[in-house]
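This report concerns only the one structure given below.
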There are 2 protein chains.
Amino acid sequence: MDVADDLFKALADSTRRTILDELTQKSGQTLFEICSRLSMKHRLGISRQAISQHLAVLEAAGLVETRREGRYKFHDLNTAPLRQITDRWLAPDTSDQEESTP
Amino acid sequence: MDVADDLFKALADSTRRTILDELTQKSGQTLFEICSRLSMKHRLGISRQAISQHLAVLEAAGLVETRREGRYKFHDLNTAPLRQITDRWLAPDTSDQEESTP
DNA sequence: AGCATAGGCAAGTGAACGCTTGCCTATCAA
DNA sequence: TTGATAGGCAAGCGTTCACTTGCCTATGCT
């Protein structure tokens, strides 16, 4: 329905948020690299396909961008879509609020 | 699992985001006021109970605070939890990133 | 008191979601 | 060419989620 729907749906899962954390620490990781990090550092017993699906969701939301090089596919973080959240509810413009009279 | 889970789950639904929009325009609305606004302005054919459940989710996430006065219950917006998102991935500190060597 | 208004609780339903399993394609090294 | 590595596609399963329906409590007006 909403255009922002993909973004918020992508952020709704804790595994996907952890993936964003990992890409924040090191951008340009491959699928297998992300897999091993989630397994080692975060003790997440999760399959490769599950993570692949998570990455697809993050890519649909614009939070992750990919580039292919040979048999490797690198995943880069893009935090730009997150600005929507700030712009929507943390905008400094409070000039046209209605008065509170129940 | 995560403590931030409530926040992102709350934002994952488009109706709840619309409620936040409405509370941004006018804080301190009652349940019925929110109901009529969603119905009129946003053409959302949704029951009162559904909206009540949405407000409970938003309150659990800390995005909405409530105060009772007689038979009225007013709902106030609290955008403070949204700062978590900025702090987590939009933090200006990029000093301790790892180098990208696949 | 009697009735309308404002809100709450709980069970049930259909759809979406997260994850697994199994198999397939593509790239590179021996 | 064979084998290993990196990734993709799709069906199936159990859980969670959004929403409805029905009934109940509390406050206020006349």
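Residue numbering restarts at 1 for every chain, and letters A, B, ... go by the order of the sequence lines. This is a predicted model, so every value here is computed, not measured.
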### Query
Is any side-chain nitrogen or oxygen of B/Ser47 closer than 4.0 Å to OP1 or OP2 of D/dT20?
yes
### Query
B/Ser52 side chain N/O closer than 4.0 Å to the phosphate oxygens (OP1, OP2) of C/dG8?
yes
### Message
Here's a test of your reading of the structure: between B/His75 and A/Thr15, which maps to the more 5' nucleotide of DNA chain C?
### Response
B/His75
### Query
When you check the gap from the basic side-chain N to the acidic O, do A/Glu65 and A/Arg67 get nearer than 4.0 Å?
no
### Task
Using atom CD of A/Glu69 as one end and atom P of C/dC28 as the other, report the distance to the nearest whole Å.
11 Å
### Query
Over how many whole Å does the gap from B/Leu31 atom CG to C/dC9 atom C1' extend?
14 Å
### Query
Would you say the side chains of A/His42 and A/Glu22 form a donor-acceptor pair under 3.5 Å?
yes
### Task
Determine whether any donor atom in the side chain of A/Gln53 lies under 3.5 Å from an acceptor atom in the base of C/dT20, or the reverse, and answer yes or no.
yes
## Note on the structure
Side-chain contact check for B/Ile46: nearest option of D/dC19, C/dT27, D/dG7 is D/dC19
### Atom pair distance, as rounded to whole Å: CZ in A/Phe8 and P in C/dC17
16 Å
### Query
Taking atom P of C/dG18 as reference, at what distance in whole Å does atom CG of A/Asp13 sit?
5 Å
### Value in whole Å for how far the C1' atom of C/dA6 lies from CD of B/Gln49
12 Å
### Contact under 4.0 Å: B/Lys73 side-chain N or O vs C/dG8 OP1/OP2
yes
#### Entry: Toward the 5' end of DNA chain D, by each residue's nearest nucleotide, A/Arg48 or A/Arg71
A/Arg71
### Query
Do the side chain of A/Arg16 and the base of C/dG18 come within less than 3.5 angstrom through a donor-acceptor pair of N or O atoms?
no
### Query
Can you find a pair of side-chain heavy atoms, one from A/Asp21 and one from B/Trp89, that are under 4.5 Å apart?
yes
### Task
Tell me whether the OP1 or OP2 atom of C/dC17 has a side-chain N or O from A/His54 closer than 4.0 Å.
no
### Message
Tell me whether A/Lys9 is salt-bridged to A/Asp5, with the criterion being a basic N under 4.0 Å from an acidic carboxylate O.
### Response
yes
### Message
What I want to check is whether the side chains of B/Lys41 and B/Gln25 have a donor and an acceptor closer together than 3.5 Å.
### Response
yes
### Query
D/dC17 P sits how many Å from B/Leu58 CG, rounded?
14 Å
### Query
Can you check the B/Phe32 CZ to D/dT27 P distance for me, whole Å?
16 Å
### Task
Write down the distance between CD (A/Glu59) and C1' (D/dG7), rounded to a whole number of angstrom.
13 Å
